[in-house]
Amino acid sequence: MIALIAEKPSVAKDIARIIGATGRNDGYLSGNGYMVTWAFGHLIQLAMPEAYGVANFRRESLPILPPDFQLIPRQVKAEKGYKADPGVLKQLKVIKEVFDRCDRIIVATDAGREGELIFRYIFHYLNCRKPFVRLWISSLTDKAIREGLDNLQPGERYDNLYLSAKSRSEADWLIGINATQALSVAAGQGVFSLGRVQTPTLVMICSRYLENKNFVPAKFWQLKAATASGGINFTAQSTAKWEQQPEAIAVLQRVKDAGQLVVKSVERKEACQEPPLLYDLTTLQKEANTKLNFSADKTLSIAQSLYEKKVMSYPRTGSRYIPEDVFDEMPERVALLGQYPRFAGYAAGLDGTPLNRRSVNDGKVTDHHALIITENLPGELSKDERAVYELVAGRMLEAFSGKCVKDVTTALLSGGDTDFTVKGSVMKEAGWRAVFGEQETGGDEEAASLPPLQEGEYLPLSGVDLLEKQTKPKPLHTESSLLAAMENAGRELEDAELKASLKDAGIGTPATRAAIIETLFARQYIVREKKNLVPTDKGLAVYKIVKDKKIADVEMTGMWETALAKIEAGSMDADTFRKGIEVYATQITAELLSVQLSVATGETCPCPKCGSGRILFYPKVAKCSNVDCTLTIFRNKCDKQLSDKQIVELVTKRKTGLIKGFKGKNGKAFDASLVLDEQFNVGFSFPEKKAKPKK
């Protein structure tokens with residue numbers, strides 16, 4: 001008997017259908033010598049500090065450096081603290097039974113770092129010793145699954161991938177737990193979440209926001225001259241800029257007095273623009289944010305859905321290239337788009353022509369190749385799914401198309417001892433730009449076309465204007481620009497040697513960047529204002545504390561990502577990385593324990609249980625600031641979310657006024673007051689029923 005484990009039920013069902021395991025059981029499918037089961041994403045996680053006998057949020061406990069990490073089932077919020085998710089426990093029991101009954105295992109979790117970690121953590125948690133092989137595929141089409149099953153890979157081939165994933169998981173725990181607790185202890189109030197990638201990302205947003213907010217624009221002036229040749233009117237801008245208006249006005253008068261312009265030089269050249277490379281996940285997220293206003297998280301979610309619908313390749317890729325064997329299939333994929341209405345005409349025009357090979361490079365394909373469409377045309381898609389599908393399909397057509405060729409003319413004119421310049425372009429071959437029919441946006445001084453100017457030619461001056469302009473700050477980050485900054489974290493460094501060493505180092509990975517941005521929203525560190533990412537007061541308060549600390553060091557975080565890639569490649573030892581992270585965690589803990597943090601708080605009141613602490617308010621709970629006090633009040637009570645005001649009333653008066661809209665286990669609504677009893681447990685007090693009047 002062979003076991004097969006997928007990352008989620010939908011994928012398991014697709015594979016089971018192909019291998020003939022159609023018998024339905026609780027938590028698995030069976031048949032034809034197979035038992036097919038599944039996870040629900042990460043079923044297993046690293047245990048929290050209390051599992052190692054460490055008291056949380058105590059100065060003397062920090063740093064927390066477990067000698068060996070323990071694995072536990074995924075936790076969910078309970079009335080008091082956390083408990084193992086019952087659904088996870090049930091599925092783990094099924095997986096154990098399936099593994100125990102089988103001779104070997106086929107691993108069919110997503111073919112990437114996180115997919116490998118999901119399986120290995122389950123495997124180790126269950127103390128399984130069965131041999132396993134790997135299904136490694138880049139799409140979920142029937143053809144890809146069948147080919148993958150015919151070409152199963154030895155499980156040990158992915159040991160380094162697992163070590164990289166495990167190292168990332170443990171590093172995030174060590175840095176996140178220690179940094180968060182250290183800053184929270186130093187603050188003496190609230191919990192301030194910090195993280196290995198989360199905090200440098202927050203610093204990028206805040207520093208750009210403050211740079212923009214504090215920017216003082218400087219005025220400058222330019223001249224714009226209007227002229228004509230051969231009956232074609234056009235304008236040219238002065239090459240010089242003046243910081244003083246009177247000086248610019250004086251030049252303006254000299255140009256007017258000259259009354260004409262002379263052509264000093266004309267440069268004509270053919271400009272060829274290569275097509276863009278195929279998308280990886282990050283470039284798709286950037287484009288979808290710019291063109292569709294989708295968040296990075298939404299784009300990833302839609303791309304995952306298209307992958308599971310078998311119309312797009314594996315989305316969590318960091319490569320923009322495809323290998324030779326995949327390129328061999330591209331004429332068929334292009335021809336397929338001849339049946340897709342939006343691209344039918346363009347795809348037909350590519351039929352039979354040699355495809356551009358710019359995106360073909362075996363050496364630049366990582367775990368997965370670039371995003372492409374599969375051999376399956378999409379059926380019913382939502383509006384958002386169709387928009388993302390068309391971005392990927394259109395980019396595929398662009399990438400395999402010919403160059404865009406333009407004739408570009410640059411002319412230098414002179415009048416009154418002042419030079420003016422103008423640039424014009426004429427499209428000769430649209431090439432890849434014809435896919436979406438998009439025109440390249442030119443600068444202020446670029447014209448669509450220019451008349452055939454000759455050097456030494458005199459042109460009439462029909463007018464000259466003084467333009468008042470001002471310098472502009474860098475714009476606030478959008479998700480698109482932030483993704484670019486995360487991807488290219490090493491490129492803005494001033495140290496040339498460090499910049500060279502971090503040339504390709506980013507922070508986070510294509511698969512995790514969306515989640516990092518969403519975490520900053522969840523922590524209430526940033527908000528969206530239209531497309532812009534703006535820090536909150538809480539985010540700025542944290543930024544001001546950490547901006548000069550190691551935890552916020554973008555270069556260091558980029559180097560960790562490079563190290564994780566080396567572990568995956570087998571050129572770095574995971575234990576060496578772990579020791580470095582422990583040293584780093586110790587350093588940032590010491591730094592953060594010494595800071596002073598001030599964050600404005602809303603409602604607060606003394607703790608009725610210990611008397612020495614005060615009540616602090618969080619999104620899901622209110623609790624005492626004294627770490628030795630156990631008073632915790634959960635906001636969600638019978639499907640009713642308690643406000644700060646209601647909690648203050650409860651702890652100060654021991655009873656609230658009548659609160660409407662609780663829901664019982666039977667789903668029926670009821671009204672009640674909340675009371676805090678002598679043991680500081682929260683209970684209900686029901687209003688007295690009015691006696692019915694006697695008839």
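Quantities reported herein were computed from a predicted structural model and do not represent experimental measurements.
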**Student:** Taking R320 for its side chain and L278 for its backbone only, find out whether a donor-acceptor pair lies under 3.5 Å.
**Tutor:** yes

**Student:** Decide, yes or no, whether a salt bridge links K291 with E390 under the criterion of side-chain N to carboxylate O below 4.0 Å.
**Tutor:** no

**Student:** Are E375 and K310 close enough for a salt bridge, meaning some N to O gap below 4.0 Å?
**Tutor:** no

**Student:** Would you check if the side chain of S164 reaches a backbone N or O of L564 as a donor-acceptor pair within less than 3.5 Å?
**Tutor:** yes

**Student:** Any sub-3.5 Å donor-acceptor pair from T180's side-chain atoms to L194's backbone N or O?
**Tutor:** yes

**Student:** With salt bridge (Lys or Arg N to Asp or Glu O under 4.0 Å) as the criterion, how do R433 and E398 come out once you've worked through the C-alpha distance, each side chain's angles and the decisive distance to 0.1 Å?
**Tutor:** CA-CA 7 Å; R433 284 195 176 275; E398 287 178 334; over 6 Å; no

**Student:** Counting C-beta onward and ignoring hydrogens, is there a side-chain heavy-atom pair between L163 and F577 closer than 4.5 Å?
**Tutor:** no

**Student:** So, R513 versus T282: side-chain donor-acceptor pair below 3.5 Å or not?
**Tutor:** yes

**Student:** If we only count heavy atoms from C-beta on, is the Y125 to P73 side-chain gap below 4.5 Å?
**Tutor:** yes

**Student:** Aromatic ring centroids of Y162 and H124 under 6.0 Å?
**Tutor:** yes

**Student:** Judged by atom type as modelled, is there a donor-acceptor pair below 3.5 Å linking the side chain of T536 to the main-chain atoms of Q524?
**Tutor:** yes

**Student:** Do the side chains of R168 and E114 get close enough for a salt bridge, i.e. N-O under 4.0 angstrom?
**Tutor:** yes

**Student:** Measuring from atom CG of L482 to atom CD1 of I526, what distance do you get when rounded to the nearest 0.5 angstrom?
**Tutor:** 7.5 Å

**Student:** Check the side chains of E385 and S305 for a donor-acceptor pair under 3.5 angstrom, ignoring hydrogens and angles.
**Tutor:** yes

**Student:** Counting distance only, does the side-chain N/O of T512 pair as donor-acceptor with the main-chain N or O of G508 below 3.5 Å?
**Tutor:** no

**Student:** Ignoring hydrogens, what is the shortest heavy-atom contact between Y340 and R386? Give both atom names and the distance.
**Tutor:** OH-NH1, 2.9 Å

**Student:** Can you tell whether the side chains of R395 and E287 come within less than 4.0 Å, N to carboxylate O?
**Tutor:** yes

**Student:** Kindly say whether A296 contributes a backbone atom to a donor-acceptor pair with the side chain of Q285 at under 3.5 angstrom?
**Tutor:** yes

**Student:** With side-chain contact (heavy atoms from CB on, under 4.5 Å) as the criterion, how do I122 and L71 come out once you've worked through the C-alpha distance, each side chain's angles and the decisive distance to 0.1 Å?
**Tutor:** CA-CA 9 Å; I122 293 171; L71 298 174; over 6 Å; no

**Student:** Would you find a donor on one side and an acceptor on the other, under 3.5 Å apart, between the side chain of S571 and the backbone of K566?
**Tutor:** yes

**Student:** Please walk me through it: do I517 and S295 pass side-chain contact (heavy atoms from CB on, under 4.5 Å)?
**Tutor:** CA-CA 9 Å; I517 297 170; S295 70; over 6 Å; no

**Student:** Looking at R157, R134, K166, which hits salt bridge (charged side-chain N to carboxylate O under 4.0 Å, His left out) with E116?
**Tutor:** R134

**Student:** Does NZ in K531 sit with more than 12 non-hydrogen atoms of other residues, nucleotides or ligands closer than 6.0 Å?
**Tutor:** yes

**Student:** Once you round to the nearest 0.5 Å, how far does CG of D297 lie from OG of S301?
**Tutor:** 6.5 Å

**Student:** Might you work through the salt bridge (Lys or Arg N to Asp or Glu O under 4.0 Å) test for D553 and R196, ending with a clear yes or no?
**Tutor:** CA-CA 9 Å; D553 191 335; R196 183 180 63 89; over 6 Å; no

**Student:** What's the spacing between F327 CZ and N356 CG if we round to 0.5 Å?
**Tutor:** 8.0 Å

**Student:** Considering non-hydrogen atoms only, spot the tightest contact between E582 and P66 and give its length.
**Tutor:** OE2-O, 4.3 Å

**Student:** Quick check for you: to the nearest 0.5 Å, what is the distance between Y307 atom OH and R316 atom CZ?
**Tutor:** 9.5 Å

**Student:** Would you mind checking if K549 and E591 are paired as a salt bridge, meaning a charged N to carboxylate O distance below 4.0 Å?
**Tutor:** no

**Student:** Considering non-hydrogen atoms only, spot the tightest contact between A303 and L284 and give its length.
**Tutor:** CB-CD2, 4.4 Å

**Student:** Whether the T290 and S480 side chains hold a donor-acceptor pair (N or O, under 3.5 Å, no angle test) is what I'd like checked.
**Tutor:** yes

**Student:** Can you name the closest pair of heavy atoms from L292 and A387 and give their distance?
**Tutor:** CD1-CB, 3.8 Å

**Student:** Can you confirm whether or not the ring centre of W432 sits under 6.0 Å from the ring centre of F400?
**Tutor:** no

**Student:** From I64 CD1 over to M48 CE, what is the distance, rounded to the nearest 0.5 angstrom?
**Tutor:** 8.5 Å

**Student:** If you apply the rule side-chain contact (heavy atoms from CB on, under 4.5 Å), what do you find for K286 with E479, and how did you get there?
**Tutor:** CA-CA 7 Å; K286 285 156 55 178; E479 286 201 40; over 6 Å; no

**Student:** May I ask you to establish whether R528 and F521 are in a cation-pi arrangement, using a distance under 6.0 Å from NZ or CZ to the six-membered ring centre and at most 45° from the ring axis?
**Tutor:** yes

**Student:** Have Y543 and S207 got a donor and an acceptor in their side chains that come within less than 3.5 Å?
**Tutor:** no

**Student:** Under 6.0 Å from the ring centre and within 45 degrees of the ring axis: does the NZ or CZ of K309 meet both conditions for the six-membered ring of Y389?
**Tutor:** no

**Student:** With a 6.0 Å cut-off on the ring centroids, do F132 and F119 count as close?
**Tutor:** yes

**Student:** Give a yes or no on whether a salt bridge exists between E308 and K8, defined as a side-chain N under 4.0 angstrom from a carboxylate O.
**Tutor:** yes

**Student:** Which heavy atom of S167 sits nearest to which heavy atom of A574, and what is that distance?
**Tutor:** OG-CB, 3.7 Å

**Student:** Can you tell me if N361 uses its side chain to pair, donor with acceptor, with the backbone of G363 under 3.5 Å?
**Tutor:** yes

**Student:** Evaluate the criterion side-chain contact (heavy atoms from CB on, under 4.5 Å) for residue pair Y525 and F192; output intermediate values, then yes/no.
**Tutor:** CA-CA 10 Å; Y525 287 163; F192 298 96; 3.9 Å; yes

**Student:** Minimum heavy-atom separation for T317 to D280, with atom names?
**Tutor:** O-CB, 3.4 Å

**Student:** Rounded to the nearest 0.5 Å, how far apart are CZ of R146 and OG1 of T141?
**Tutor:** 9.5 Å

**Student:** Would T37 and Q91 count as having a side-chain donor-acceptor pair, cut-off 3.5 Å?
**Tutor:** yes

**Student:** Given 3.5 Å as the limit, does a donor-acceptor pair link the side chain of Q45 with the main chain of L43, or not?
**Tutor:** no

